[in-house]
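What follows is a set of notes on a single structure, which appears directly below.
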Amino acid sequence: MSDSLVLASQDGPVLTLTLNRPASLNSFTGAMHEQLRAALDAAAANAEVRCLVLTGAGRGFCAGQDLADPMVAPSPAGEPPKDLGCTIEILYKPLVRRLKSMPVPVIAAVNGVAAGAGANLALNCDLVLAGQSASFIQAFAKIGLVPDTGGTWLLPRIVGRARAMGLAMLGDKLSAAEAERIGLIWKCVDDAVLADEARKLALRLAAMPVKALAATRGAIDAAQQLTLDQALDREAAVQAELGRSHDYLEGVAAFSAKRAPVFTDR
Ligand code: T3D
């Protein structure tokens, strides 16, 4: 058993990162944040990686912030309170920004409970696959906090305000099947096939023009803030750039020659 808090395993063009604090349902400590950040930076810099899968060791995906971590655990009476804003600034905000700027598609393979920042970690990924026994909990309200790790931005955009408010205020456990039904995640699959389905999906994405896929993420997210005219302008600018890329030439050449394309841009 490795001591690493984030395990990395490469399978051809697919890198799987596994959060590895199973005894605490892979909840985040400062050290796990640091290791995840380093692994994501390394993946972003590695041209061999064309798709990333994030998952958890043991029976959970990630239970959010480790509430026992001295960095956030409430101070004893008489001592100044912890500054949670600081944890968000130095750990969670950079994590979301890192995920959103990955040059390759990112899949969350949610193998068990995803709570608090762990739920929103998954929802920040490009495609979320979850095992039948997985669940999603916006646990923040139960401990007197607001959804973070992008939750306030993501939830209403993914499932609409009414469901966002219900999930965030009640903090109930949402099953993977229900999460798929309401459009919170891409797909719920049998637990037994989750890893295999994630691998197949990752290999499929890795063979696609990943630079265009990363640009698609950026364009769809950015469009949430834009008017239709602004989104049309942005699409034109991104398309102009992609139109000069190898992958576009290759895609069209392969189509014309009725052969499979070989995409290499990143
Ligand atoms: O900087 C800041 O603090 C602000 C940032 C906040 C971001 C956040 O993520 S806030 C939300 C933090 N997360 C939670 O509030 C979730 C807390 N966990 C739970 O509610 C439950 O554990 C679950 C619903 C996720 C799972 O329940 P269950 O019954 O399947 O498992 P369990 O028995 O509760 O947990 C198993 C073990 O994991 C247990 O340890 P033990 O007793 O066996 O030694 C439990 O204490 C530990 N664990 C679970 N979640 C956390 C945790 N330990 C530390 N921190 C956790 N978040």
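These values consider heavy atoms only, across backbone and side chains, with no hydrogens, waters or symmetry-generated copies. As the structure lists them, so they are numbered: ligands from 1, and atoms in each ligand from 1.
Looking at Asp148, Leu84, Leu25, it is Asp148 that brings a heavy atom closest to atom 7 (C) of ligand 1. In the candidate list Ile137, Val72, Ile90, Val72 is nearest to atom 2 (C) of ligand 1, counting heavy atoms. The heavy atom nearest to atom 38 (O) of ligand 1, out of those in Ala23, Ala63, Gly85, is found in Ala23.
Here the protein heavy atom with the shortest distance to atom 47 (C) of ligand 1 is Ser24 CA, 4.0 Å. When hydrogens are left out, the protein atom nearest atom 17 (C) of ligand 1 is Leu67 CD1, 4.3 Å; that is the closest non-hydrogen contact. Distance from atom 31 (O) of ligand 1 to its nearest protein heavy atom, with residue and atom name: Arg59 NH2, 3.0 Å. Given atom 56 (C) of ligand 1, the protein heavy atom at minimum distance is Gln65 O, 3.6 Å. Of all protein heavy atoms, the one closest to atom 54 (C) of ligand 1 is Asp66 OD1, 3.3 Å.
Within the 4.0 Å heavy-atom criterion, the part of Thr87 lying near ligand 1 is the side chain and not the backbone.
For the ligand labelled ligand 1, residue Lys173 lies outside the 4.0 Å heavy-atom shell. Not a single heavy atom of Ser135 sits less than 4.0 Å from an atom of ligand 1.
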**Q.** Cys51 vs Ile107, side-chain contact (heavy atoms from CB on, under 4.5 Å): CA-CA, chis, key distance, verdict
**A.** CA-CA 8 Å; Cys51 187; Ile107 296 170; 4.0 Å; yes
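A search for ring-ring contact (aromatic ring centres under 6.0 Å, His included) contacts involving Tyr248 returns nothing, not counting sequence neighbours.
Closest non-hydrogen pair, Ala207 versus Phe263, comes out as O-CD1, 3.3 Å.
Shown are Lys100, Arg234, Arg97; of these, the salt bridge (charged side-chain N to carboxylate O under 4.0 Å, His left out) with Asp221 is made only by Lys100.
Not one N or O of Tyr92 is nearer than 3.5 Å to an N or O of ligand 1, by distance alone.
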Identify all side-chain donor-acceptor contacts of residues 153-168 below 3.5 Å with residues at least two apart in sequence or on another chain.
{"residue": "Arg157", "atom": "NH1", "partner": "Trp153", "partner atom": "O", "Å": "3.1"}
{"residue": "Arg157", "atom": "NH2", "partner": "Gln225", "partner atom": "OE1", "Å": "2.7"}

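With contacts defined as side-chain heavy-atom distances shorter than 4.5 Å, the pair Leu36/Phe28 qualifies.
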